[in-house]
Amino acid sequence: MASLLQGFIRRRSSQCPEALLLRCPSGLLWTAPHGAVNENSLKRLSVYLENLQKPGLKSLKPTQLTFHVRETDQNSSDGQEPVNTCGFRVVSFTLHTRDLLSTVLHVLNSCSLSVEHIQNVSSNVQPPEQAKRRPDRPIKWDKTYYTFTGFKDPEGDLQQASRLETTLTSWLDNNGESAVKRLESSLPLRKELDRLKEGLSHQLQLTDIRWQRGWGVAHRCSQLHSLSRLTQQNMETLKNAKGCTIIFADRSGMSAVGHVMLGTMDVHHHWTTLFERLPHYLDLQRRLALLEEQISQLLGGIQVVCTEDLQPALTLEEHYSLLDAFRGRLLRHRRPVHPRSLRGLQMVLDSDRCAPSLHELGHFNIPVLCDPASLQGFILAKAQEARESLRRKEELKAIEKELMRASTEHFSLAKFYKEPSVSSKQMAACCKRLLERSLPCLQGMRLCVSHFYSVTQDGDLCIPWNWKDGGAMK
């Protein structure tokens, strides 16, 4: 429904012929000067729609949108909205709806677009109260019923599946050979990837080049080749990235932790524009650091942090906006706090949560719109628990690092790593149990600890952290 809505607005906001045509990555034609306004509003609309569909959503910030819509006889504004010389009128409205259907209808109505097709779809959706009710509990038949009728016993199937549950050794026996073949096939591309990464890092004087997602080696090589071609076309502009970390991600911009994000679906024009704006981003980083320091002083020395693992998609602008709004609330409702009473503690600003909470890793999740007075009391009450959690986190990280080193040496692994969603505690438990096993088939392989079994297209073996093997963990 969201993509259908965006398609309607794009078609109705196609610009006047005098304007310069630009081609966006989706393949749709946009034109200046109104194209940038429409594109920006569509991005904000997309984020709003995605947030609406998040489970457990309790609060959503009102979002103002502006579109330039072509004036036609069907959507005449009757003089209520200004129409420019190219035949476009400016439509501005604020989203504050709490469900997807109401939001879509609100946007379409605001832009004077037809909602008939949406209403037809919604009318065919059966309300929950009219849906057929299922029995409150499943019917459990006696074993003789299945013997007599010949039907399958679901409970018996479940027991059989449990007996045949995948174990680490059986899975490695079944998949080890194919993983070796894939790994050997990927070796030339891996060498090419290392060469490209090292060359670009040296040429642009980068700190690092990373990827936000687990794309394959061929995909990563293609992205580096694209960046390499851009350096040949516009080297002077790319020099602005000196000292930065480049991350290939879902969208272009600068991350909240200061990394340059290159959207893999964007074209060179968007990347070039980003590199041209890097001096502006560096200035914004300095202002953001001042905001963090001011908030820390207002809250007794607590450190404001932004973690890449927990907030990988947060941009620098979004983080600055959160900090600025939070500081404003603190200044309006602040209470005196001892300047160093909360030093050593950490907090992460959150736009979705409705109440402050203490994360198991020791940092506080603080909603921007929380009450400052009750917040200070909550942090003070949980301060000791937070300090102990932070201490345990550092201890677990040290244990995890040592166990990963030992496992790499014990099995002679080419690489040993984990997915970000696997905690240090889970990784440590996995390594301890691995070190108790003799697994010669892992020699020279690339092993990833995850939540499921799989072999990647490039030959990496992925195993769940809580793998089972005979009498092992159940």
Side-chain angles (χ1 to χ4, degrees), residues 50 53-56 157-158 160-180 182-183 186 210-217 219-220 247-250 307-314 348 350 352 357 359-363 365 389 392-393 395-408 410-411 413-437 439 441-442 445-474:
E50 288 175 6
Q53 298 174 76
K54 286 182 180 178
D157 288 346
L158 185 62
Q160 184 179 5
S162 179
R163 287 193 297 269
L164 299 176
E165 191 171 22
T166 301
T167 64
L168 178 62
T169 50
S170 67
W171 185 83
L172 289 174
D173 289 342
N174 293 331
N175 296 274
E177 186 176 345
S178 65
V180 170
R182 292 184 185 184
L183 181 60
S186 72
R210 303 210 299 263
W211 285 264
Q212 193 179 76
R213 297 188 180 276
W215 287 297
V217 176
H219 197 163
R220 296 186 181 199
I247 297 181
F248 289 95
D250 293 333
T307 57
E308 192 175 357
D309 289 342
L310 297 177
Q311 299 168 295
L314 188 67
V348 175
D350 196 334
D352 292 335
S357 63
H359 194 275
E360 63 179 356
L361 296 180
H363 64 263
N365 286 320
S389 297
R392 285 197 302 269
K393 181 182 74 171
E395 291 175 353
L396 276 173
K397 279 186 175 181
I399 294 172
E400 174 192 37
K401 183 178 180 180
E402 176 57 28
L403 286 172
M404 289 182 69
R405 184 200 61 77
S407 299
T408 303
H410 180 73
F411 297 108
L413 295 169
K415 185 176 181 180
F416 188 36
Y417 62 104
K418 67 171 186 176
E419 288 189 348
S421 56
V422 177
S423 68
S424 296
K425 183 178 181 180
Q426 293 169 337
M427 187 65 174
C430 176
C431 291
K432 286 180 181 178
R433 296 175 55 234
L434 280 175
L435 289 169
E436 297 172 355
R437 299 290 189 272
L439 301 168
C441 60
L442 292 180
M445 300 301 293
R446 298 169 60 91
L447 183 63
C448 172
V449 175
S450 175
H451 296 277
F452 51 83
Y453 287 105
S454 70
V455 179
T456 69
Q457 60 183 358
D458 299 307
D460 290 28
L461 291 166
C462 300
I463 64 171
W465 69 271
N466 57 344
W467 50 270
K468 298 176 176 59
D469 201 6
M473 187 176 182
K474 296 184 178 180

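Under the 4.5 Å side-chain criterion, counting only non-hydrogen atoms from C-beta, Lys468 is not in contact with Arg433. Two residues are said to be in side-chain contact when any heavy atoms from C-beta on lie closer than 4.5 Å; Leu461 and Leu172 meet this criterion. The shortest distance between side-chain heavy atoms of Asp250 and Arg213 falls below 4.5 Å. Residues Trp465 and Ser450 form no side-chain contact, since every pair of their non-hydrogen atoms from C-beta on lies 4.5 Å or further apart. Cys448 has its side chain within reach of Glu419: a pair of non-hydrogen atoms, C-beta onward, lies under 4.5 Å apart. Between Lys397 and Ser424 there is a side-chain heavy-atom pair separated by less than 4.5 Å. Considering only heavy atoms from C-beta on, Leu434 stays 4.5 Å or farther from Leu403 through its side chain.
The SG atom of Cys441 lies 9.0 Å from the CZ atom of Phe411; values are rounded to the nearest 0.5 Å. Here the CD1-CD distance, from Ile247 to Gln212, works out to 7.0 Å after rounding to the nearest 0.5 Å. Between the CG atom of Asp350 and the NE2 atom of His359 there is a distance of 10.5 Å, given to the nearest 0.5 Å. The line from CG of Leu168 to CZ of Arg437 is 8.0 Å long, rounded to the nearest 0.5 Å.
Arg220 places no side-chain N or O within 3.5 Å of a backbone atom of Trp211 that could act as its donor or acceptor partner. Although no hydrogens or angles enter the test, the distance criterion places no donor-acceptor pair under 3.5 Å between the side chain of Ser170 and the main chain of Thr166. One N or O on the side chain of Asp458 and one on the backbone of Val217 form a donor-acceptor pair closer than 3.5 Å.
Counting non-hydrogen atoms of neighbouring residues, nucleotides and ligands closer than 6.0 angstrom, the CD atom of Glu177 reaches no more than 12 such neighbours.
Here the closest heavy-atom approach between residue Met404 and residue Thr408 is recorded as O-OG1, 2.7 Å. The two residues Trp467 and Cys430 make their nearest non-hydrogen contact at NE1-SG, 3.5 Å. Closest approach of Met445 to Ala179, counting heavy atoms only: CE-CB, 3.7 Å. Taking every heavy atom of both residues into account, Glu436 and Lys432 meet most closely at CG-O, 3.4 Å. Across all their heavy atoms, Lys393 and Leu361 have their closest contact at CD-O, 3.4 Å. Nearest heavy-atom pair, Phe416 versus Cys431, reported as atom, atom and distance to 0.1 Å: CE2-SG, 3.6 Å.
Between Asn175 and Tyr453, the side chains place no donor N or O within less than 3.5 Å of an acceptor N or O (distance only, hydrogens not considered).
Here Lys425 does not pair with Glu400 in a salt bridge; the nearest charged N to carboxylate O distance is not below 4.0 Å. Contact check on Glu402 versus Arg405 returns a salt bridge, with a Lys/Arg side-chain nitrogen under 4.0 Å from an Asp/Glu carboxylate oxygen.
Just one of Thr456, Val455, Leu447, Val449 meets the side chain to side chain contact (heavy atoms under 4.5 Å, CB included) condition when paired with Cys462; it is Thr456. Partner Asp460 forms a salt bridge (charged side-chain N to carboxylate O under 4.0 Å, His left out) with one of Arg182, Arg446, Lys415 and no other, that one being Arg446.
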- Message: Determine whether His451 and Gln426 satisfy the following criterion, side-chain contact (heavy atoms from CB on, under 4.5 Å), listing intermediate values before the conclusion.
- Response: CA-CA 10 Å; His451 296 277; Gln426 293 169 337; 4.2 Å; yes

